[in-house]
Amino acid sequence: MKKRKAIVVRNTAETQIRISLNLEGSGKSAINTPLPFMDHMLSLFSKHSLTDLKISALGDTHIDGHHLVEDLGIVLGETIKLALGKKKGISRYGNFLLPMDEALSYVAVDLSGRPYLSYHVKFKKTSCPSDFDYSLLKEFFRAISNASGMNLHIKQYSGENNHHIAESIFKGFGKALFQAVKIENRLKGRIPSTKEIL
């Protein structure tokens, strides 16, 4: 079977991003952005999706993290879409209920080609200006959904610690995507849709 790999580069006046993704990986990652929190979350995604992921990124984070976080989602979504190719033989669907200490999140994925994000997550408000802006994660996942053509549902069931909530989401997303991109041998290379296209 052809290796499902892709590289996408995006350069704008606000961000410069390069992402390399291997869907047939083992969970190895090398993430280098100006946002250490995103580096950590993306390495968790890589580990639990068993994708090999390399990211190098710069952006106007002296303003805030919005442009870089959203553009990381755009490029990661484009890379997933490119690596999947025509999606022949994929399982298509994946879902995972993932606990992280007191936090519990459910993530469901359909690689349908039709982007849609349902996002029900509540982070605690913080007063520390150095804290990561957790509201940006909705923009990150919306960008992934739009750029990859992914139907993505994320629902938080519990959680008190923002880091734990985010970690449960990224790990759950990795686990769900692992299921969805997996090749189902019984499909014999067919596309898992009565439309015969995704």
Side-chain angles (χ1 to χ4, degrees), residues 6 8-19 21 29 31-46 48-49 51 53 55-82 94 96 98 100 103 105-157 159 161-177 180:
V8 174
V9 177
R10 175 183 171 91
N11 291 313
T12 74
E14 298 167 340
T15 63
Q16 300 82 49
I17 301 172
R18 183 186 191 276
I19 296 184
L21 176 74
S29 63
I31 318 292
N32 184 19
T33 82
L35 299 172
F37 179 80
M38 286 302 296
D39 292 5
H40 178 46
M41 291 299 117
L42 289 163
S43 68
L44 293 173
F45 161 74
S46 170
H48 291 278
S49 63
T51 58
L53 181 65
I55 300 178
S56 58
L58 295 171
D60 56 0
T61 52
H62 59 284
I63 298 172
D64 63 24
H66 187 279
H67 294 147
L68 184 58
V69 172
E70 183 175 33
D71 285 8
L72 281 167
I74 292 171
V75 181
L76 182 56
E78 290 175 347
T79 311
I80 291 169
K81 182 177 181 179
L82 189 60
F96 211 88
L98 197 132
M100 173 62 201
S105 298
Y106 179 72
V107 181
V109 168
D110 175 11
L111 299 175
S112 62
R114 299 184 303 276
Y116 182 83
L117 176 67
S118 175
Y119 186 88
H120 298 281
V121 181
K122 288 186 178 180
F123 289 103
K124 308 298 180 183
K125 289 185 178 180
T126 61
S127 57
C128 179
S130 63
D131 280 354
F132 179 81
D133 182 358
Y134 291 91
S135 70
L136 296 179
L137 295 183
K138 183 175 184 179
E139 303 310 315
F140 173 80
F141 285 109
R142 189 196 314 277
I144 286 179
S145 171
N146 287 336
S148 65
M150 179 188 301
N151 185 318
L152 177 59
H153 289 251
I154 300 173
K155 184 173 178 62
Q156 171 201 356
Y157 284 102
N161 180 284
N162 284 345
H163 189 116
H164 292 169
I165 295 167
E167 193 162 324
S168 70
I169 291 169
F170 274 83
K171 287 179 176 178
F173 177 56
K175 293 286 191 186
L177 189 69

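Note that the numbering runs from 1 along the sequence shown for the chain. Predicted model, so just to flag it, every value in this text is computed and none were measured.
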Can you tell me how far [atom2] of [Y] sits from [atom1] of [X], rounded to the nearest 0.5 angstrom?
X      : Y      : atom1 : atom2 : result
His66  : Asp71  : NE2   : CG    : 9.5 Å
Leu72  : Thr15  : CG    : OG1   : 7.5 Å
Ile19  : Ile55  : CD1   : CD1   : 4.0 Å
Phe45  : Ile144 : CZ    : CD1   : 6.5 Å
Leu111 : Ser148 : CG    : OG    : 7.0 Å
Arg142 : Leu136 : CZ    : CG    : 12.0 Å

Flag, side chain of [X] to backbone of [Y], donor-acceptor distance under 3.5 Å:
X      : Y      : value
Thr33  : Leu35  : yes
Asn161 : His164 : yes
Ser43  : His40  : yes
Ser56  : Asn32  : no
Ser49  : Lys175 : no
Glu14  : Asp60  : no

Where [X] and [Y] come nearest, the two heavy atoms and their spacing:
X      : Y      : value
Gly159 : Lys124 : O-CE, 3.8 Å
Ile165 : Lys122 : CD1-O, 3.9 Å
Met150 : Ser145 : O-OG, 2.6 Å
Pro34  : Ala57  : CD-O, 3.3 Å
Ile74  : Ala147 : O-CB, 3.3 Å

Are any of the side-chain heavy atoms of [X] and [Y] separated by less than 4.5 Å?
X      : Y      : value
Val69  : Met38  : yes
Asn162 : Phe132 : no
Leu76  : Leu42  : yes
Ser105 : Leu98  : no
Ile17  : Leu68  : yes
Lys138 : Val121 : no
Tyr119 : Ile154 : yes
Leu137 : Met41  : no

| Carboxylate-amine/guanidinium proximity below 4.0 Å for Glu78 and Lys81 | no
| said: Would you say the ring centers of His163 and Phe37 fall short of 6.0 Å from each other? | reply: yes
| said: My understanding is that only residues two or more places apart in sequence, or in another chain, count here; which of them pass ring-ring contact (aromatic ring centres under 6.0 Å, His included) with Tyr157? | reply: none
| message | Once ring-ring contact (aromatic ring centres under 6.0 Å, His included) is applied, do any residues pair with Phe141, and if so which ones, sequence neighbours excluded? | response | Phe170, Phe173
| field | Verdict with supporting geometry, Leu82 and Val8, side-chain contact (heavy atoms from CB on, under 4.5 Å) | value | CA-CA 9 Å; Leu82 189 60; Val8 174; 4.2 Å; yes
| query | So Ile80 and Thr51, side-chain contact (heavy atoms from CB on, under 4.5 Å) or not? Walk me through it. | reply | CA-CA 10 Å; Ile80 291 169; Thr51 58; over 6 Å; no
